[in-house]
Chemist: 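Have a look at the structure that comes next, please.
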Number of protein chains: 2
Amino acid sequence: MDRRPTILDVAARAGVSKSTVSLVLKNSPQIKAETAARVRRAMQEVGYVYNRAAANLRSSSTGLIGLVINDLRNPFFTEFAASFQMALFARGYATVISNSGEDAAMQAAIIHSMIEHGVSALAISPAYGDVTSTFDQLARANVPTVQVLRQVSSRTDKFPFSSFDFVDGGGQAARHLIASGARRIAFVGGLEGRQITAERMSGYLSEMQRIGTEPIVLYGQPSRNAGAELAQQIMREHPQVDAAICFNDLVALGMMNALEREGQRVGEDFRLVGFDDLEESAQSLPPLSSVSCDITSFGEKTASSLLDWLTKGVVPPATHRQSVRLVTRASSGGRGV
Amino acid sequence: MDRRPTILDVAARAGVSKSTVSLVLKNSPQIKAETAARVRRAMQEVGYVYNRAAANLRSSSTGLIGLVINDLRNPFFTEFAASFQMALFARGYATVISNSGEDAAMQAAIIHSMIEHGVSALAISPAYGDVTSTFDQLARANVPTVQVLRQVSSRTDKFPFSSFDFVDGGGQAARHLIASGARRIAFVGGLEGRQITAERMSGYLSEMQRIGTEPIVLYGQPSRNAGAELAQQIMREHPQVDAAICFNDLVALGMMNALEREGQRVGEDFRLVGFDDLEESAQSLPPLSSVSCDITSFGEKTASSLLDWLTKGVVPPATHRQSVRLVTRASSGGRGV
DNA sequence: CTGAAAGCGCTTACAG
DNA sequence: CTGAAAGCGCTTACAG
């Protein structure tokens, strides 16, 4: 009673061979409905649980998809993880999620373990660091793997990369602020040297060049508190600035808070645009304009292109950029918008 | 070259039997160092990857620990997930994390799938709903399972429950506010009817009864925006209130923001205490007093008690409450604190 | 429509 | 210190 019942136990109970039980498990049309019903009843009676590991061993495909995430504490990534998993689940695949915590060594260990556990495919939102041996391992093991949101391996032929078109988003934001009458626009927040910071900033830089204005850039952590501090710094050191494109909404919300406390009317005296369009950004006071990255649909698309690769051999394009869309709200326009 | 090399390939390459290879894999001291080295070299050469599923099939223990989380979008739970996983990883166990998204049916499907995949043990921060059949399944499959943070099954003998001593935390917060000179204290935020709301409120209610004051309770979503709205409502409808214990820090931060915008000085005119002690709470303006729940250590303890159960048969106590500690900052005292 | 046999890649006693 | 054999719980052709 301690060991788990197997198909042999079920077969004995139902008075058939184990082959028949196996066929019933796969809903084979070969089995007479009556026999199938009897077998199913026997499964109930003995408390049978399918042993997927054993099945996989023979058929050598686990239906397990791995997801390695660089920071499970960041809502942007967890939203991705949640929608990715949901999409796979709906198509009958189980997802194992693991968090590397921005640690390349941890990431290597996780991936190693996932390969051992026989994942059929892998999506990685990678930690920065030396990852060549990690990706070599993946190549050897022949596990279809995509890089999302961050590109750390340049071998996009083997490890296709997909992300958002942040460059375009930054351009949209800059043009919108200029059109709304902003005179001096700063780019605020984001860690220096990170690719994603460069991308989000790039569209802003082009627009500043186009209108012949010197850009003003203040780097910082992508957090609410950093945003508040940077706002103070701008009011002190750059009083001429009357608008900002923020690395993300958290920074923008922190800035908004600090500006309003100092009596600045956000949307009139100072215009603000963020990135990510978090749920709460629509509800801030004033509501925050933001470059919306539909991370939910991104997660779903990543899931289906990975499955197409796995099941139909359709290799995803080496690089894919999902388009983004600026959502304008009161923080960048008149208060009543 | 397409199929993964097995120990037989390694054995052939190294000129030994597959048993020897297996022993090398387990670092058996029986194998001569020289032979082991030769075998290891052969593994490198053929690109061998351990097949854990096959190993598990024979030894019937996967070393896979499942974690089912009710809401991967909530930082409190993701912090738990991250520390739980780290702790297990450090002890050589792989964790598979899955998100039920507060959906009991999804949760049932996830747990079913995890059992099939042969998890050795399970931790569940459960979704509310009808879970009897889900837990029956677990009982039948004989998988050691703990409930954390939310108790949905009353069979704590089979499914031990552990959480924080929120009741005590609420009491600490209330006594502190009374001692600081607050005259009228409200309890703000948290969904009505949820056990965790009741727990966090309970200590407050006792203290109000003790000092003979009618409690004032305003329910709401556990979010920043809800906090801001509830603050407005309090200023309008309960002008006599000069302090609040909030369901969590998000609510408190939202309240703080709304209060300050209306010119109230938080910490002087209005005293505020939250729950959870988020990282950013120490850095808000003013810094937020909060009941600190050390979720990191909670995750680690959960991991090790689960492993003790799995490996040594030490069943955790039916109910465990980790103690919490009020951290007082300027939001509940003088501004200069 | 159902059964007998081989095999997936390991581990585990048991010999030697 | 190393090898030959059986077995973990399934699936997969192949018979019948």
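The sequence lines fix the lettering, A, B, ..., with proteins before strands; numbering per chain opens at 1. On a predicted model such as this, the values are computed, not experimentally measured, just so you know.
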Chemist: Could you state the atom-to-atom distance from CG of A/Leu8 to C1' of D/dC10 in whole Å?
Modeler: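 Interatomic distance, CG of A/Leu8 to C1' of D/dC10: 9 Å.
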
Chemist: Is the shortest distance from a Lys or Arg side-chain nitrogen in B/Arg155 or B/Asp136 to a carboxylate oxygen in the other one below 4.0 Å?
Modeler: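 Here B/Arg155 pairs with B/Asp136 in a salt bridge, since their nearest N and O are under 4.0 Å apart.
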
Chemist: Rounded to whole Å, please give me the gap between CG in A/Leu25 and P in D/dC10.
Modeler: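 Going from A/Leu25 (CG) to D/dC10 (P), I get 8 Å.
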
Chemist: Can you check whether B/Thr6 has a side-chain N or O nearer than 4.0 Å to OP1 or OP2 of C/dC8?
Modeler: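 Negative; the distance criterion is not met.
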
Chemist: Does the structure show a Watson-Crick or G-U wobble partner for D/dA4, both distances under 3.5 Å? Name it, or say none.
Modeler: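 Partner of D/dA4: none found under 3.5 Å.
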
Chemist: In whole angstrom, give the distance that lies between atom NZ of A/Lys18 and atom P of D/dG7.
Modeler: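 To the nearest whole Å, that distance equals 12 Å.
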
Chemist: Measure the distance from NZ on B/Lys26 to C1' on C/dG9 and round it to the nearest whole Å.
Modeler: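 Answer to the nearest Å: 14 Å.
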
Chemist: Separation of A/Asn56 atom CG from D/dT12 atom P, in whole Å?
Modeler: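 Checked: the CG to P distance equals 11 Å.
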
Chemist: Parallel, tilted or perpendicular: which one describes the rings of A/Phe164 and A/Phe76, with boundaries at 30° and 60°?
Modeler: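 Tilted.
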
Chemist: Picking from C/dC10, D/dG3, D/dC1, which would you name as closest to the side chain of B/Lys32?
Modeler: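 For B/Lys32, the side-chain atoms sit closest to D/dC1.
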
Chemist: Could you tell me if A/Glu199 and A/Ser163 have a donor-acceptor pair between their side chains, going purely by distance under 3.5 Å?
Modeler: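 Judged by distance alone, the side chains do not pair up.
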
Chemist: Quickly work out the A/Ile31 CD1 to C/dT2 P distance and round it to whole Å.
Modeler: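 In whole Å, C/dT2 P and A/Ile31 CD1 are 5 Å from each other.
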
Chemist: Pairing donors with acceptors under 3.5 angstrom, does anything connect the side chains of A/Asn70 and A/Ser125?
Modeler: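 Looking only at side-chain atoms, A/Ser125 and A/Asn70 do form a donor-acceptor pair, the distance falling under 3.5 Å.
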
Chemist: Please state how far atom CG in A/Asn51 lies from atom P in C/dC10, giving the value in whole angstrom units.
Modeler: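 For the pair A/Asn51 CG and C/dC10 P, the rounded distance is 17 Å.
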
Chemist: Please give the nucleotide sitting opposite D/dA13 as a Watson-Crick or G-U wobble pair, both distances under 3.5 Å, or none.
Modeler: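 When the pairing criteria are applied, nothing turns out to pair with D/dA13, so the answer is none.
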
Chemist: Let's see if you can work this out: which of D/dT11, C/dC1, C/dG3 has an atom nearest to the side-chain heavy atoms of A/Ala55?
Modeler: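 Nucleotide nearest to A/Ala55's side chain: D/dT11.
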
Chemist: Select from B/Ala54 and A/Gln30 the residue whose nearest nucleotide in DNA chain C is closer to the 5' end of that strand.
Modeler: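 Checking each residue's closest nucleotide, the 5'-ward one belongs to A/Gln30.
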
Chemist: B/Gln85 and A/Ser98: side-chain hydrogen bond (donor to acceptor under 3.5 Å, both in side chains), yes or no, with the steps?
Modeler: CA-CA 8 Å; B/Gln85 174 178 268; A/Ser98 219; 2.8 Å; yes

Chemist: Hey, does the side chain of A/Ser17 come within less than 4.0 Å of C/dG3's phosphate (OP1/OP2), counting only N and O?
Modeler: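 The answer is yes; a side-chain N or O of A/Ser17 sits under 4.0 Å from OP1 or OP2.
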
Chemist: Between P on D/dG9 and CZ on B/Arg58, what's the gap in Å once rounded to a whole number?
Modeler: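 Value for this atom pair: 9 Å.
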
Chemist: Report the nucleotide, chosen from D/dA4, C/dG3, C/dC10, that has the shortest atom-to-atom distance to any side-chain atom of B/Ser19.
Modeler: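 The listed nucleotide nearest to B/Ser19's side chain is D/dA4.
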
Chemist: Among the nucleotides C/dG9, D/dG3, D/dT12, which one has an atom lying closest to any side-chain atom of A/Ser22?
Modeler: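 Side chain of A/Ser22 sits closest to D/dT12.
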
